[in-house]
2 protein chains.
Amino acid sequence: MSHVPGLIQSIERSSAVLRLLAGGPDRLRVKEIADALGLPKSTAHSILRTLEHVGFVEQDPRTARYGLGRGLLDLSSAGIDANELRGRALNWADTLAGRSGEEVRLGVLSDGEVLVVHHVFRPDDSLQNLDTGVRLPPHATALGKVLLAYHATAAESLVAGGLDPYTRRTVTDRRELARALAETRARGWALSVEEWRPGLAAIAAPVRTSGGLVVGAVGIAGPVERLTDTRRQARPALVDQVVAVARSISREVQA
Amino acid sequence: MSHVPGLIQSIERSSAVLRLLAGGPDRLRVKEIADALGLPKSTAHSILRTLEHVGFVEQDPRTARYGLGRGLLDLSSAGIDANELRGRALNWADTLAGRSGEEVRLGVLSDGEVLVVHHVFRPDDSLQNLDTGVRLPPHATALGKVLLAYHATAAESLVAGGLDPYTRRTVTDRRELARALAETRARGWALSVEEWRPGLAAIAAPVRTSGGLVVGAVGIAGPVERLTDTRRQARPALVDQVVAVARSISREVQA
DNA sequence: CGGGCACGTGCGACATTGTCGCACGCACCG
DNA sequence: CGGTGCGTGCGACAATGTCGCACGTGCCCG
């Protein structure tokens, strides 16, 4: 059918499906939706499958009929739950700790701070504190840089409140922070070297849901000399490990 | 980025955009959204334009920033308002009356009945009643058949309540009605010959919004001998006129 | 008050992607 | 127990969404 150019057909159709489902109190069959919109069954089913995946519609397992999902109502209550994220990430975090030999943290953004929702100790039996539940400053940590880089407004309000210095290397200038975040976006991971605690460095990468929305960050932390080379650049092998695990968790979250 | 096959990328991205906008109370810039999702500006803009078009997001004209639209909340108020539909259709209805020489009606589905929201008299100066506001039986009129054919559940509940006969030719059997609606869907227009009033026939076609959702129907009505040939088939020239005007109104509604 | 930067917007070409036709299993009805 | 109609999945094609680039504008900073 004649379609307005410049607009995305599948999104228009999705909204039509949602409106149709919202129209009546009843759940609808694939065939009914396809007929009502003049679409082939396959196409309607494909759209429905995607909408179900993102939580906008739900399918009754008994009748196989589709209705509006909870995701539409939850639009105001940000994406994914922190506990759910933690559950999905557990195994991968352990894997990362094993491979890298460093401690692993999983963080989300909460009230403008980094909330550590999971913490795996370094594989050796050294003395360490459990950081789960701890809050970290976003501008001074690798986890925080990742979360800021992919959040639209958190960086602004953080800057507005001033950037506290924790070490000599903490980024406190708004311009420099903006540059660091742009770099993080460009390469897909963040590095922090002695910006939070002297002698410590960290590497982190984003966890994304379908569509690319960042809902969390995973990263490793350890002594500067183990995470970086002599020029204070991140060791590529470790970066790859972190990025790979972040992608694995992302895949897990979407399942 | 690695994308789950079988799912529609642009819809996933749309939901990510919506979640992002829902995340904070602030409106966001195109750049912010693009960066947060890791998309090129153009792509983000294209998605936003479409979402705005379907009413899921709104753009503040002053700041050019995007926020969630009213359309999300109004999902229950199936698409377009009857008055708005009427306004957009006025000129085209007149055109159709002029070309066809018959009276024109514009109808929507309301409480399981056809509500006539607009009525243009036959161009000659004969005596006619203004039908605006009148309710018609869906199963016995061309307008009604169109609206039923593209509505998922209306036909069911109508059948459940029983099909009243108005003439000798009124369709009262549920099977026959189902067949008529399937035919209507297949060819894109509906015909009614003496099913509502003896001596009268009607031809109608659907008005669709973006995505294909049917929100109304337009049609002409007149004496059987003018609308049909000797075998009681609709005259193709008239069908074309009705279908063409329905498409024009559809285009108007989407603008 | 002027210069420069960054943003929103639009277009066009390419390649990816969504679409559509077809077929399989299954469940329900007759 | 046969038949019909449904939901689902796959594959190939072509339409479609994506992306790079450039224009004009408004804002901020100097």
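For clarity, every value in this text was computed on a predicted model and none was experimentally measured. To find a chain, count down the sequence lines: A is the first, B the second, and so on, and within it residues start at 1.
The side chain of A/I8 lies closest to D/dG17, out of C/dG10, D/dG7, D/dG17. Between C/dT19, D/dG7, D/dC19, one nucleotide has an atom nearer to the side chain of A/S46 than all others, and that is C/dT19. The side chain of A/K41 lies closest to D/dG7 when the candidates are C/dT9, D/dG7, D/dG17. In the set C/dG8, D/dG7, C/dG18, the nucleotide with an atom closest to the side chain of A/Q59 is D/dG7. When the nucleotides C/dG10, D/dC6, D/dC19 are ranked by their closest atom to the side chain of B/R49, C/dG10 comes out on top.
Spacing between atom CG of A/L37 and atom C1' of C/dC20 amounts to 16 Å, rounded to whole angstrom units. To the nearest angstrom, P of C/dA6 lies 12 Å from CZ of A/R179. What separates CD1 of A/I47 from P of C/dT17 is a distance of 17 Å, to the nearest Å. In this structure, B/R29 places its CZ atom 13 Å from C1' of C/dC5, rounding to the nearest Å. Atom CD in A/E12 sits roughly 15 Å away from atom C1' in C/dT19 (whole-Å rounding). Atom CG of A/L39 and atom P of D/dT16 are 12 Å apart (whole Å). What separates CD of B/Q9 from P of D/dG17 is a distance of 11 Å, to the nearest Å. In this structure, B/L28 atom CG and C/dG8 atom P are separated by 10 Å, rounded to whole Å.
Distances shorter than 4.0 Å separate some side-chain N or O of A/Y66 from OP1 or OP2 on D/dT8. Taking side-chain N and O atoms only, B/R13 has a distance below 4.0 Å to OP1 or OP2 of D/dT18. Note on A/H45: every side-chain N or O is 4.0 Å or more away from OP1 and OP2 of D/dG7.
With sequence neighbours left out, the side-chain hydrogen bond (donor to acceptor under 3.5 Å, both in side chains) criterion links B/Q241 to no other residue.
To the nearest whole angstrom, the two C1' atoms, one in D/dA12 and one in D/dT16, are 16 Å apart.
Counting non-hydrogen atoms of other residues, nucleotides and ligands closer than 6.0 Å to CG of B/D173 gives a total above 12.
Judged by distance alone with a 3.5 Å cut-off, a donor-acceptor contact links the side chain of B/S42 to the base of D/dG20.
Heavy-atom nearest nucleotides on DNA chain D were determined for A/I11 and for A/K31, and the one closer to the 5' end corresponds to A/K31.
Considering A/K145, A/H139, A/R169, A/R168 in turn, A/K145 is the only one that fulfils the side-chain hydrogen bond (donor to acceptor under 3.5 Å, both in side chains) rule with A/E195.
Counting heavy atoms from C-beta outward, B/Y150 and B/R208 have side chains that approach closer than 4.5 Å.
Looking at A/R185, its side chain does come within 3.5 Å of a backbone N or O of A/A149 through a donor-acceptor pair.
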